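Heads up: numbering here begins at 1 and tracks the sequence. A quick note: this is a predicted structure, and the numbers were derived from the prediction, not measured.
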Amino acid sequence: GGRLALAGNDVTFIARGAHLEAIQKNGLIVKSTLGDFSVKEPRATSDLQAVKNADLVIICTKAWQVKDIAGQIAPYIGNETMVLPLQNGVLAADELAEFIPKKNIVGGLCRIFSKIESPGVINHFGSDPQLIFGELNGIKSGRLAQLKDVFDKAGIANSWSDDILADLWKKFLMICS
């Protein structure tokens with residue numbers, strides 16, 4: 001989200017508690033092996049209505065929180081909104097589909113080592129991050145070409161998967177071992 005905001009995209013961060021307060025007060029601070037940066041005065045809120053009819057909603061919760069957040073954001077997902085889950089595991093898309101039309105969901109995963117170092121401060125350490133995404137049905141779509149372009153312009157390493165379900169399973173098997 002920070003890199004998307006730096007690239008001039010209209011980004012709203014959904015956060016809560018001390019993390020939200022720190023972002024609203026001090027901006028979002030990212031410490032990264034690729035270079036530290038901050039997003040001054042980001043739009044940050046705990047109000048899920050802020051995602052109403054967004055072009056893209058990236059789900060960055062823990063895997064066990066996906067089903068709960070899916071139910072909460074479902075009323076705000078527009079007809080053309082893409083919902084991109086980036087959790088470890090293989091269930092996120094199915095859990096989202098219990099509340100959100102499957103046509104809105106894009107399969108995704110990320111390869112990154114990061115943590116909330118302190119409220120409002122994200123620490124990215126280790127290997128270079130990468131986003132991998134694809135249509136759940138494997139079809140190449142125009143919306144994913146647009147998504148790739150947005151990530152490319154933001155300097156986010158990414159790739160378009162021809163079989164995102166297989167890629168999700170490969171990551172899951174690697175994590176399990």
#### Entry: 4.5 Å side-chain heavy-atom contact, Q72 and F99
no
### Query
More than 12 foreign heavy atoms under 6.0 Å from CD1 of I116: is that the case here?
no
## Note on the structure
Residues at least two apart in sequence or cross-chain that pass side-chain contact (heavy atoms from CB on, under 4.5 Å) with Q87, listed by chain then number, are I59, T61, A63, V66, P85, A92
### Task
Report yes if the side chains of P42 and V11 come closer than 4.5 Å at any heavy-atom pair, otherwise no.
no
### Query
Do H19 side-chain atoms and G120 backbone N/O form a donor-acceptor pair below 3.5 Å?
yes
### Task
Specify the closest pair of heavy atoms between N53 and G78, including all atoms of both residues, with the distance to one decimal.
OD1-CA, 3.1 Å
### Query
Near F125 CZ, under 6.0 Å, is it more than 12 heavy atoms from other residues, nucleotides or ligands?
yes
### Query
Are a donor atom and an acceptor atom from the side chains of T12 and R43 found within less than 3.5 Å of each other?
yes
### Query
Which is it for Q130 and S159 under the side chain to side chain contact (heavy atoms under 4.5 Å, CB included) test, yes or no, and what are the steps along the way?
CA-CA 8 Å; Q130 182 184 26; S159 62; 3.4 Å; yes
### Message
Could you report the tightest heavy-atom contact between R3 and G35, atom names first, then the distance?
### Response
NH2-O, 3.7 Å
### Task
Go through the steps to decide whether E95 and D68 satisfy the test side chain to side chain contact (heavy atoms under 4.5 Å, CB included), and finish with yes or no.
CA-CA 9 Å; E95 290 176 338; D68 183 50; over 6 Å; no
### Reported CG-to-CZ distance for the pair L56 and F133, which is rounded to 0.5 angstrom
10.0 Å
### Side chain N9, main chain A5, donor-acceptor under 3.5 Å
no
### Query
Same cluster or not: are V106 and L4 linked, directly or through other Ile, Leu, Val, Met, Phe, Trp or Tyr residues, by side-chain heavy atoms under 4.5 angstrom apart?
yes
### Query
What is the distance from atom CD1 of I112 to atom CG of L86, rounded to the nearest 0.5 Å?
9.5 Å
### Inter-residue atom distance I122.CD1 - D36.CG, 0.5 Å rounding
12.5 Å
### Query
Between I58 and Y76, is there a shared hydrophobic cluster once you connect ILVMFWY residues whose side-chain heavy atoms come closer than 4.5 Å?
no
### Task
State, with a plain yes or no, whether a side-chain heavy atom of S141 is found less than 4.5 Å away from one of M82.
no
### Message
Taking side chain to side chain contact (heavy atoms under 4.5 Å, CB included) as the criterion, tell me which of L84, I132, L131 meets it with L109.
### Response
I132
### Message
Test of understanding: clusters of I, L, V, M, F, W, Y form through side-chain heavy atoms closer than 4.5 Å, transitively. Do L96 and V57 belong to the same one?
### Response
yes
### Message
Applying side-chain hydrogen bond (donor to acceptor under 3.5 Å, both in side chains), can you list everything that pairs with K52, at least two apart in sequence or on another chain?
### Response
none
### Query
Among the clusters formed by ILVMFWY side chains lying less than 4.5 Å apart, do I156 and V30 turn up in the same one?
yes
### Validation row: L34, P129 side chains within 4.5 angstrom (heavy atoms)
yes
Which pairs of donor and acceptor atoms, one on a side chain in residues 164-175, lie under 3.5 Å apart (sequence neighbours left out)?
residue	atom	partner	partner atom	Å
D167	OD2	S161	OG	2.5
K171	NZ	N88	OD1	2.6
K171	NZ	C110	O	2.4

### Query
Below 4.5 Å, heavy atoms only, C-beta onward: do D55 and D10 meet side chain to side chain?
no
### Message
I need the L48 CG to I14 CD1 distance, nearest 0.5 Å.
### Response
5.5 Å
## Note on the structure
Value for CG (N137) from CD1 (I139), rounded to nearest 0.5 Å, stands at 4.0 Å
### Query
Do any N or O atoms from the side chain of K103 and from the backbone of N79 form a donor-acceptor pair under 3.5 angstrom?
yes
## Note on the structure
In short, E117 meets N123 closest at the heavy-atom pair OE1-ND2, 2.9 Å
### Query
Would you call K140-D162 a salt bridge at under 4.0 Å N-O?
yes
### Task
Taking all non-hydrogen atoms of both residues into account, name the closest pair between Q24 and T45 and its distance.
NE2-CA, 4.3 Å
#### Entry: Test salt bridge (charged side-chain N to carboxylate O under 4.0 Å, His left out) applied to R143 and E80, step by step
CA-CA 9 Å; R143 71 181 185 166; E80 300 298 319; over 6 Å; no
### Task
Return yes if some donor-acceptor pair links the side-chain N/O of T81 with the main-chain N/O of A54 below 3.5 Å, else return no.
yes
### Summary
For I23 and A15, the nearest pair of non-hydrogen atoms, with its separation, is CD1-CB, 4.4 Å
### Task
Please check if I29 and L20 belong to a single hydrophobic cluster, counting links between Ile, Leu, Val, Met, Phe, Trp and Tyr side chain heavy atoms closer than 4.5 Å.
no
